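A quick write-up on the structure given underneath.
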Amino acid sequence: MNILVLHGSSRDAGNTEQLTNVALEGVQYTSIRLREKNIRPIHDQRHDEGGFDSVADDYDEVTEAVLAHDFLIFATPIYWYGMSGHMKNYVDRWSQSLRDKRYFFKESLGQKQAYVITTGGDQPRLKGLPLIQQFQYVFSFVGMPFAGYIIGEGNKPGDVLSDQRAVEEAKILNAWLKAKQ
């Protein structure tokens, strides 16, 4: 199994990244930090006769990496009770890929598994559930199996490592990933 992590945080070494690192310790994976990519917001042309115009940015590069991996980890902090802007911007562009004849996007995603790792500071196990549900709906729409999620609690960087439940869940995911490689 080859693993890709899409990091949605705008912060280096934040809680979500630290929790993801626990889940991936000793596991071979590829990492993309969406904040380091130039991905333009979607210009919705779904119903235009000519379809979507090509966009000169890093979206295709990230999408090709997604399509080249079997297990996708969407790692995003909870920002205002949803996914980060970087992550949302990337996922919004999937509307373009669904119509792009270069990819068999929906069919390809249906052959992968998705996992979400997220953290937040304001009752995240409750208030982060809409984010999880949003991902569930997105994954369901494209036919991608949703393997699970971890929600951690932490505000300033490093706090999440004191969340014993989240760390234990990350270690369980780690053991499962190691067994699959």
Side-chain angles (χ1 to χ4, degrees), residues 1-10 14-17 19-20 23-24 29-47 51-52 55 57-120 122 124-152 166 169-170 173 176-177:
M1 172 185 342
N2 56 7
I3 301 165
L4 174 67
V5 180
L6 291 173
H7 290 281
S9 181
S10 60
N15 284 306
T16 303
E17 189 171 330
L19 187 57
T20 302
L24 295 171
Y29 65 96
T30 302
S31 179
I32 295 177
R33 288 176 173 75
L34 294 173
R35 70 178 173 270
E36 296 173 357
K37 300 296 179 184
N38 173 29
I39 299 176
R40 300 192 40 83
I42 190 166
H43 177 197
D44 190 353
Q45 296 175 298
R46 288 175 294 160
H47 305 291
F52 284 93
V55 180
D57 67 0
D58 296 328
Y59 175 79
D60 286 344
E61 171 193 335
V62 175
T63 298
E64 288 166 12
V66 165
L67 296 176
H69 290 81
D70 304 314
F71 193 83
L72 309 173
I73 297 176
F74 294 80
T76 180
I78 302 167
Y79 282 179
W80 290 103
Y81 313 102
M83 65 181 76
S84 72
H86 296 293
M87 186 70 71
K88 182 72 167 80
N89 200 36
Y90 175 68
V91 171
D92 280 349
R93 290 281 296 278
W94 284 10
S95 293
Q96 188 173 343
S97 293
L98 287 167
R99 289 157 180 82
D100 192 326
K101 296 191 185 333
R102 294 174 299 162
Y103 308 125
F104 295 98
F105 194 68
K106 200 170 188 177
E107 295 82 0
S108 295
L109 290 180
Q111 303 302 311
K112 302 176 184 322
Q113 291 185 71
Y115 203 94
V116 175
I117 299 177
T118 189
T119 61
D122 183 18
R125 287 190 181 82
L126 173 65
K127 295 180 179 180
L129 291 176
L131 174 145
I132 299 302
Q133 190 172 43
Q134 181 182 29
F135 274 114
Q136 285 176 316
Y137 290 146
V138 168
F139 301 151
S140 175
F141 184 84
V142 296
M144 184 165 43
F146 186 23
Y149 65 91
I150 300 170
I151 299 175
E169 290 172 353
L173 175 59
W176 184 81
L177 291 171

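Since the model is a prediction, treat every value here as computed from it, not as a measurement.
Between atom CD1 of residue Ile3 and atom CG of residue Leu177 there is a gap of 4.5 Å, rounded to the nearest 0.5 Å. Atom CG of Leu129 sits about 13.0 Å away from atom CD of Gln134, to the nearest 0.5 Å. The distance from the OG atom of Ser97 to the OH atom of Tyr59 is 2.5 Å, given to the nearest 0.5 Å.
Judged as a ring-ring contact (aromatic ring centres under 6.0 Å, His included), and not counting sequence neighbours, the contacts of Phe74 are Phe135, Phe139. In this structure Phe71 satisfies the ring-ring contact (aromatic ring centres under 6.0 Å, His included) test together with Trp176, sequence neighbours excluded. With sequence neighbours left out, the side chain to side chain donor-acceptor pair (under 3.5 Å) criterion links Arg99 to no other residue. For Asp70, there are no salt bridge (Lys or Arg N to Asp or Glu O under 4.0 Å) partners two or more places apart in sequence or in a different chain. Ser9 meets the side chain to side chain donor-acceptor pair (under 3.5 Å) test with no other residue; sequence neighbours excluded. Checked against side chain to side chain donor-acceptor pair (under 3.5 Å), Asn2 has no partners two or more places apart in sequence or in another chain. For Tyr149, the ring-ring contact (aromatic ring centres under 6.0 Å, His included) test picks out no residue, with sequence neighbours left out. Gln45 is linked by a side chain to side chain donor-acceptor pair (under 3.5 Å) to Asp53, counting only residues two or more places apart in sequence or in another chain.
Tested against Gln96 for a side chain to side chain contact (heavy atoms under 4.5 Å, CB included), the candidates Val55, Thr63, Asp44 yield a single pass: Val55.
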Passes side-chain contact (heavy atoms from CB on, under 4.5 Å), Phe141 versus Leu98? Steps please.
CA-CA 11 Å; Phe141 184 84; Leu98 287 167; 3.7 Å; yes

Assess whether side-chain contact (heavy atoms from CB on, under 4.5 Å) is satisfied between Leu24 and Ile73, documenting all intermediate values.
CA-CA 10 Å; Leu24 295 171; Ile73 297 176; 3.9 Å; yes

Just do the side-chain contact (heavy atoms from CB on, under 4.5 Å) check on His7 and Thr16 with the steps written out, would you?
CA-CA 8 Å; His7 290 281; Thr16 303; 5.9 Å; no

With a cut-off of 3.5 Å and sequence neighbours excluded, list every side-chain donor-acceptor pair involving residues 107-117.
residue, atom, partner, partner atom, Å
Ser108, OG, Phe104, O, 2.8
Lys112, NZ, Leu67, O, 2.9
Lys112, NZ, His69, O, 2.7

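Listed by first and then second residue, the salt bridge (Lys or Arg N to Asp or Glu O under 4.0 Å) pairs involving residues 32-43 are Asp12-Arg35, Glu17-Arg33, Glu17-Arg35, Lys37-Glu61 (not counting sequence neighbours). Annotation: salt bridge (Lys or Arg N to Asp or Glu O under 4.0 Å) contacts involving residues 79-89, sequence neighbours excluded, comprise Lys88-Asp92. Screening residues 73-83 for side-chain hydrogen bond (donor to acceptor under 3.5 Å, both in side chains) gives Ser10-Tyr79, Thr76-Ser84, Tyr81-Asp122 as the qualifying pairs, with residues at least two apart or on separate chains.
You'll find the side chain of Ile39 reaches within 4.5 Å of the side chain of Arg93, heavy atoms only. The shortest side-chain heavy-atom distance between Asp60 and Arg102 falls under the 4.5 Å cut-off. In this structure the side chain of Val62 reaches within 4.5 angstrom of the side chain of Leu6, judged on heavy atoms. Within the 4.5 Å cutoff, the side chain of Leu72 has heavy atoms near those of the Met144 side chain. Residues Val66 and Tyr103 are not in side-chain contact: their nearest non-hydrogen atoms beyond the backbone lie 4.5 Å or more apart.
For the pair Pro124 and Gly152, the tightest heavy-atom approach, listed with the atom from each and the gap, is CG-O, 3.5 Å. Nearest heavy atoms, Ala65 versus Ile32: CB-CD1, 3.6 Å. What you find for Thr118 and Pro77 is that their closest heavy atoms are OG1-C, 3.7 Å.
Between the side chain of Asn38 and the backbone N or O of Asp58 there is no donor-acceptor pair closer than 3.5 Å.
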